[in-house]
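All of these numbers come straight from a predicted model, not from anything done at the bench. Below, read A as the first sequence line, B as the second, and so on, with proteins coming before strands; counting in each chain starts at 1.
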Protein chains: 2
Amino acid sequence: MSKAATTRLMILQKAFELIYANGYQATSIDDIITNTAVTKGAFFYHFPNKDEMGLAMINEVMYPGMHAAMVLPLINATNPILEIYKMMKGLLIENPHFIVKYGCPAINLIEEMSPLNSTFNKALSKLANQWQEAIELTIRNGKAAGKVRKDVNATQTAFFIMSGYGGIRNLGKLYGKDCYGVYLKELKRYLASLQ
Amino acid sequence: MSKAATTRLMILQKAFELIYANGYQATSIDDIITNTAVTKGAFFYHFPNKDEMGLAMINEVMYPGMHAAMVLPLINATNPILEIYKMMKGLLIENPHFIVKYGCPAINLIEEMSPLNSTFNKALSKLANQWQEAIELTIRNGKAAGKVRKDVNATQTAFFIMSGYGGIRNLGKLYGKDCYGVYLKELKRYLASLQ
DNA sequence: GACATAAAATACTAATTGGTATGTGATGGC
DNA sequence: GCCATCACATACCAATTAGTATTTTATGTC
């Protein structure tokens, strides 16, 4: 990787880190550059403004991360109920990149920025769509394989599962990680009811 | 109400309005006073700083509102499954104070502030606890009355329902109100599975 | 090694931020 | 009618914000 590309990536990764912990608007460009070996000149050489950096961060840092944690575990699922549960448990309990009190980076950014900036909204919708489609497909395949009841609505179920995730990330900020376990137990019950 | 009390309430209500739409940190004191007939002197006469105003807003504006919309509908519930569903539908569809793209004021504030400020965290936890207890009690009563299966865990179920709410408010910001209907359909299915 | 351009460093700016210092008119108790 | 204190109003301040203008240093190509 060229030195310039390294600088650019350093900016995006540190921005992600700070924005994850403090929010997008509360993270200043000065915050980012004082936490890296990057100067303001370099920042504005690589990005025309803060929002363009934010979009690059969504597409180049968050998208790959969410794909690995949320979509890949579902690909080629043979037992959809189990696979969806494992994906969720992996996300909530086993993923070392997430800190309970800071929630989920994607949920945080949706919460903060999607009402304020339609370009952010679009970029974040793409993330959510990928996940929704992966869950939906898993359920449809499960129905075809006879592992999920025929009267289950895949779209409805996907939205319901995604909602649970966003909400428990929110509650986790209030109560800490204990509520993740409580949630997962009931998720298991719910998923079983689809069989 | 005395004139001073009116001024104070005006500040809190306008602050709530602006913070609901733009977030706590993105709403400046100047924003609040230019949108009211209140000066900076009056603001800092009534509140020592911005955070104290924020806490007063949680306790004096948000708490009563959330109690009316989230707790009251469950009190004296005779059919818990139906009552919980109606409470949720009332919140998502019928409540005229909420704007889909801005989500839920309480969820927003939890998202933004609970990781950054432990005093906010505490105040917001009280809100969440009230709701949790109301849902839990409804389910326990339902079990006692034979309207909810004995093997249902009230705490788990309450967390699961609360999570769904927080998450669908998040998705609503992305997708608009259509997803509320999709969510409610699956919530109905889930609630039925408790019977 | 000359040269063009890419990449970055430095110094600045206007606007906005939360908060303060100080002044002033109204209000209520005596 | 005096006086204290309440309830504001006005003018300010230092720090921080996103962004710009200008200069300097690397880097690849011939």
Chemist: Just call it for A:Thr39: base, sugar-phosphate, or nothing, with non-hydrogen atoms closer than 4.0 Å on any strand.
Modeler: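 Base: the residue A:Thr39, judged by heavy atoms under 4.0 Å, touches a nucleobase.
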
Chemist: Measure from CD1 on A:Ile33 to P on C:dA11 and round the result to the nearest Å.
Modeler: 13 Å

Chemist: Just the rounded figure in Å: distance from P of C:dA7 to CD1 of A:Ile11.
Modeler: 12 Å

Chemist: Does atom CG of A:Asp151 have more than 12 heavy-atom neighbours, drawn from other residues, nucleotides or ligands, at distances under 6.0 Å?
Modeler: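 Enclosed: over 12 neighbouring heavy atoms sit under 6.0 Å from CG of A:Asp151.
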
Chemist: Starting from C1' on C:dA7, measure out to CZ on A:Phe47 and report it in whole angstrom.
Modeler: 13 Å

Chemist: Quick one: do B:Lys14 and B:Asp31 make a salt bridge, cutoff under 4.0 Å?
Modeler: no

Chemist: Can you check whether B:Asp51 reaches B:Tyr24 side chain to side chain, under 4.5 Å on heavy atoms?
Modeler: yes

Chemist: Hey, does the side chain of A:His46 come within less than 4.0 Å of C:dA8's phosphate (OP1/OP2), counting only N and O?
Modeler: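 Indeed, a polar side-chain atom of A:His46 lies that close.
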
Chemist: To the nearest Å, how far apart are A:Met10 CE and C:dA7 C1'?
Modeler: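 Between C1' of C:dA7 and CE of A:Met10: 13 Å.
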
Chemist: Looking only at the side chains, is there a donor atom on one of A:Asn79 and A:Tyr85 sitting less than 3.5 Å from an acceptor on the other?
Modeler: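 Absent: no donor and acceptor within the cut-off.
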
Chemist: May I ask you to verify whether the side chain of B:Lys50 and the base of C:dG19 hold a donor-acceptor pair under 3.5 Å?
Modeler: no

Chemist: Does any donor atom in the side chain of B:Asn153 or B:Thr157 lie under 3.5 Å from an acceptor atom in the other side chain?
Modeler: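 No donor-acceptor contact under 3.5 Å links the two side chains.
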
Chemist: Give the first and the last nucleotide of DNA chain D, reading 5' to 3', that has any atom under 4.0 Å from a heavy atom of chain A.
Modeler: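 Under 4.0 Å from chain A, the extent on DNA chain D is D:dT17 to D:dT27.
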
Chemist: Write down the distance between CZ (A:Phe43) and C1' (C:dA11), rounded to a whole number of angstrom.
Modeler: 18 Å

Chemist: Between B:Asp31 (CG) and C:dA15 (C1'), how many Å, whole number?
Modeler: 13 Å

Chemist: Are the ring centres of A:Tyr102 and A:Phe98 closer than 6.0 Å?
Modeler: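 No.
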
Chemist: With nearest nucleotide decided by heavy atoms, which residue, B:Lys40 or A:Lys40, maps closer to the 5′ end of DNA chain D?
Modeler: B:Lys40

Chemist: At under 4.0 Å between heavy atoms, what does A:Asn49 touch on the DNA or RNA strands: base, sugar-phosphate, or nothing?
Modeler: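 Touches sugar-phosphate only.
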
Chemist: What is the separation between atom OH on B:Tyr45 and atom C1' on C:dG25, rounded to the nearest whole Å?
Modeler: 14 Å

Chemist: Check the surroundings of atom NZ in A:Lys188: do more than 12 heavy atoms from other residues, nucleotides or ligands lie under 6.0 Å from it?
Modeler: no

Chemist: Rounded to whole Å, how long is the line connecting atom CD of B:Glu52 with atom C1' of C:dG18?
Modeler: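 In whole Å, C:dG18 C1' lies 14 Å from B:Glu52 CD.
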
